[in-house]
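The block underneath contains the structure these notes are about, expressed in structure tokens.
Residue indices begin at 1 and follow the sequence shown.
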Amino acid sequence: LSAMNIGPGAENKLSSSFSLLVNLKKIGLSNNRLVGNFLLPLKSLPHLTELNVSYNQILGKNLRTLPKFKSKKLLKTLNFSHNQINDEGL
């Protein structure tokens, strides 16, 4: 499995089982109600190149909890559009 789109309703279903998907390269999590530490289960994906978390409820203060991705050299696309991100809490 190299790509996965998880639609509305995923906000309560993200888990540490993502760490088992070591070949995952692209993840789409748009149109959910993601807030807080939603990215923590994804930090151990070594080949992640694209992450789409657009159209969620992410606030600027939630970005302080961004994990250090193991794939940071590979991560090419990070889409946070249409959230409530500003400099508040940064």
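Residue Leu78 holds its CG atom at 10.0 Å from CD of Glu50, rounded to the nearest 0.5 Å. In this structure, Asn56 CG and Gln84 CD are separated by 10.5 Å, a value rounded to the nearest 0.5 Å. Of the inter-residue distances, the one linking Asn83 atom CG with Gln57 atom CD reads 8.5 Å to the nearest 0.5 angstrom. Between atom NZ of residue Lys25 and atom CG of residue Leu45 there is a gap of 12.5 Å, rounded to the nearest 0.5 Å.
Under the rule for a side-chain contact (heavy atoms from CB on, under 4.5 Å), Lys76 has no partner lying at least two apart in sequence or in another chain. Remark: Ser81 pairs with Ser54, Asn79 by the side-chain contact (heavy atoms from CB on, under 4.5 Å) rule, at least two apart or across chains. Listed by chain and residue number, nothing satisfies the side chain to side chain donor-acceptor pair (under 3.5 Å) test with Asn5 (two or more places apart in sequence, or in another chain).
Residues Leu48 and Phe80 fall within the same hydrophobic cluster, defined by Ile, Leu, Val, Met, Phe, Trp and Tyr side chains chained together at heavy-atom separations under 4.5 Å. Follow the hydrophobic side-chain contacts under 4.5 Å out from Leu75 and you reach Met4 in the same cluster.
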Q: For side chain to side chain contact (heavy atoms under 4.5 Å, CB included), just list the numbers for His47 and Leu24, CA-CA rounded to whole Å, side-chain angles, deciding distance to a tenth of an Å, and then say yes or no.
A: CA-CA 6 Å; His47 302 290; Leu24 202 57; over 6 Å; no
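Using a distance-only test at 3.5 Å, with no hydrogens or angles considered, no donor-acceptor pair links the side chain of Asn52 to the main chain of Gly28.
Under the 4.5 Å side-chain criterion, counting only non-hydrogen atoms from C-beta, Ile58 is in contact with Val53.
Applying side-chain contact (heavy atoms from CB on, under 4.5 Å) to Tyr55 and the options Leu34, Asn32, Leu29, Asn31 leaves one that passes, Asn31.
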